[in-house]
Colleague: 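To start, I am sharing the structure in question, which I have written as structure tokens.
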Amino acid sequence: MTDPLAQQHTPRSLIVTYYGAYGRGAGGEPETVPVAALIRLLGAVGVDPPSVRSAVSRLKRRGLLVAAKTARGAAGYAPSPDAVQLLDDGDRRIYGRLGAYRLTTRPAGAPDASDASDASDAPGAAGAPGGGAAAPGDWLLAVFSVPEHERNKRHLLRSRLARLGFGTAAPGVWIAPAHLYEETRHTLRRLGLDGYVDLFRGAHAGFEPTADAVRRWWDLEALAARHHAFLATHEPVLRRWSRRTTVPPADAYRDYLLALDSWRALPYADPGLPPALLPKGWPGERSARVFAGLHERLRDAGAAFARDGAAG
């Protein structure tokens with residue numbers, strides 16, 4: 001079976017993860033990091049200098065990094081406005097469900113997981129149309145029709161809905177928990193795709209049991225495999241840290257960056273389905289607890305290493 005984490009820890013992914021965790025100021029503004037500093041910072045997680053330079057070039061071509069000057073006038077790279085928007089959008093999804101696991105720290109600019117107005121502790125608690133709360137069991141339907149001569153937009157729309165965590169109910173009909181409404185609307189408008197989609201909110205009224213339908217709409221076996229892969233790699237790391245009495249910044253930075261790089265795709269693949277509809281022993285809560293534990297123990301200590309590494 002293909003390793004569910006095999007595509008992670010690529011140089012490009014780790015650079016994006018670095019900027020998301022440590023590459024924004026206290027107000028969320030992007031920070032410029034010299035290439036030499038990126039080489040040091042990525043070297044700490046096992047990436048060689050040529051791979052860093054190649055990844056920076058590719059991210060620049062994709063419009064995610066832009067050339068800029070540091071406060072001291074050194075040449076470097078910062079996230080582009082589009083990349084900052086993507087990082088900001090990701091904060092709520094990546095950190096937003098961790099409030100139930102006593103998350104107390106977060107990257108600069110990320111939402112506070114204890115703030116119920118920004119992020120819910122449980123699926124279906126926020127983000128309903130009109131500002132009301134979405135009840136567990138409410139669903140968001142995205143129905144789209146794209147002309148044949150704009151098939152590229154059809155592909156973009158499908159891939160974006162999948163990345164938001166939508167499942168497929170029928171051809172051209174995608175479904176997600178209703179708490180994803182605000183994020184979905186914002187994302188589709190930002191990408192100029194809102195003119196091709198109608199959004200509906202409602203309940204599943206039959207005929208098969210909703211839990212059976214969920215198994216048809218999402219590949220739960222594949223999602224569970226991704227959670228188990230995360231746990232197999234990072235749960236032992238958390239156990240080791242729980243036995244340590246000190247938190248060396250370099251070690252904390254390495255283990256946190258790798259954990260975040262593995263974790264950050266999971267809240268998109270797993271959209272926060274109601275627990276009652278998931279198989280018994282679903283590993284999602286366990287993996288969230290592991291990431292929350294690593295975040296609390298390591299993020300701030302790792303920030304000290306990141307600051308020193310970026311300053312050179």
Side-chain angles (χ1 to χ4, degrees), residues 1-5 7-8 90 92-103 113 116 119-128 133-142 158 160-170 173-184 199-235 238 259-260 262-295:
M1 185 167 87
T2 302
D3 180 359
L5 297 182
Q7 298 303 313
Q8 294 174 345
R92 178 178 176 179
R93 186 73 74 100
I94 294 166
Y95 300 100
R97 297 181 203 161
L98 302 183
Y101 312 115
R102 299 181 65 187
L103 182 66
S120 64
D121 289 349
D138 278 359
W139 299 99
L140 176 67
L141 288 178
R158 287 172 175 164
R160 186 58 57 170
L161 290 173
R163 288 180 61 183
L164 285 168
F166 276 71
T168 307
V173 181
W174 293 61
I175 189 166
H179 68 86
L180 295 183
Y181 168 75
E182 291 291 352
E183 184 180 0
T184 300
L199 298 177
F200 301 87
R201 181 182 160 198
H204 181 239
F207 289 93
E208 66 180 324
T210 304
D212 293 345
V214 163
R215 287 175 171 83
R216 179 165 49 83
W217 298 335
W218 282 273
D219 186 346
L220 296 184
E221 183 177 344
L223 287 178
R226 296 182 69 167
H227 282 295
H228 284 303
F230 177 85
L231 288 165
T233 300
H234 298 288
E235 197 168 36
L238 178 60
L260 177 57
S262 296
W263 169 259
R264 65 183 178 90
L266 271 172
Y268 284 93
D270 181 343
L273 296 165
L277 301 178
L278 293 169
K280 186 176 180 180
W282 184 252
E285 179 177 337
R286 185 174 149 207
S287 65
R289 288 185 183 279
V290 167
F291 177 69
L294 290 167
H295 184 92

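For reference, positions follow the sequence shown, starting with 1.
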Colleague: Looking at R215 and A211, would you say the former's side chain and the latter's main chain have a donor-acceptor pair under 3.5 Å?
Modeller: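 Indeed, once roles are kept as given, a pair shorter than 3.5 Å links the two residues.
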Colleague: Report the C-alpha separation of W139 and V214 in whole Å, then their side-chain angles, then the decisive distance to 0.1 Å, and conclude whether the side chain to side chain contact (heavy atoms under 4.5 Å, CB included) test is met.
Modeller: CA-CA 11 Å; W139 299 99; V214 163; 3.9 Å; yes
Colleague: On a heavy-atom basis, which atom in P271 and which in L180 lie closest, and how many Å separate them?
Modeller: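 Taking P271 first and L180 second, the nearest heavy atoms are CB-CD1, 3.9 Å.
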Colleague: Working to the nearest 0.5 Å, report the span between CH2 of W263 and NE2 of H295.
Modeller: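 Nearest 0.5 Å value for the CH2-NE2 distance: 12.0 Å.
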Colleague: Where is the tightest heavy-atom contact between L238 and G293, given as atom of each residue plus distance?
Modeller: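 The pair with the smallest heavy-atom distance is CD1-C, 3.8 Å.
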Colleague: Looking only at non-hydrogen atoms, find the nearest pair between R216 and A169 and report the distance.
Modeller: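 Smallest heavy-atom distance, with atoms named: NH1-O, 3.8 Å.
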Colleague: Any idea which heavy atoms bring S287 and G284 closest together, and the distance?
Modeller: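 Minimum heavy-atom contact is OG-O, 2.9 Å.
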Colleague: Could you measure the distance from the CG atom of L141 to the CZ atom of F166? Nearest 0.5 Å is fine.
Modeller: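 Result: 8.5 Å between the selected atoms.
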Colleague: Look up atom CG in D270 and atom CZ in R93, then write down how far apart they are to the nearest 0.5 Å.
Modeller: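 These two atoms lie 9.5 Å from each other.
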Colleague: Of all heavy-atom pairs between G272 and H179, which one has the smallest distance, and what is that distance?
Modeller: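 Here G272 and H179 meet closest at O-NE2, 3.5 Å.
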Colleague: Could I get the full list of side chain to side chain donor-acceptor pair (under 3.5 Å) partners for W218, not counting sequence neighbours?
Modeller: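 Side chain to side chain donor-acceptor pair (under 3.5 Å) list for W218, sorted by chain: empty.
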Colleague: Do NZ/NE/NH1/NH2 and the carboxylate oxygens of E183 and R92 come within less than 4.0 Å?
Modeller: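 Not counted as a salt bridge, because no side-chain N and carboxylate O are separated by less than 4.0 Å.
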Colleague: The criterion is ring-ring contact (aromatic ring centres under 6.0 Å, His included); which residues satisfy it with W282, sequence neighbours excluded?
Modeller: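 W282 satisfies ring-ring contact (aromatic ring centres under 6.0 Å, His included) with H227 only.
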Colleague: Roughly how far, to the nearest 0.5 Å, is CG of L161 from OG1 of T184?
Modeller: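 Output value for this atom pair is 7.0 Å.
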Colleague: Taking all non-hydrogen atoms of both residues into account, name the closest pair between H204 and W217 and its distance.
Modeller: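 Answer, listing the atom of H204 first, then W217: CD2-CH2, 3.8 Å.
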Colleague: Go through H234 and L260 one step at a time and tell me if the side chain to side chain contact (heavy atoms under 4.5 Å, CB included) criterion holds.
Modeller: CA-CA 10 Å; H234 298 288; L260 177 57; over 6 Å; no
Colleague: Can you check side chain to side chain contact (heavy atoms under 4.5 Å, CB included) on R286 and R289, steps first, answer last?
Modeller: CA-CA 5 Å; R286 185 174 149 207; R289 288 185 183 279; 5.7 Å; no
Colleague: How are the rings of Y95 and F291 set to each other: parallel, tilted or perpendicular (split at 30° and 60°)?
Modeller: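 Rings of Y95 and F291: tilted, as their planes differ by 30° to 60°.
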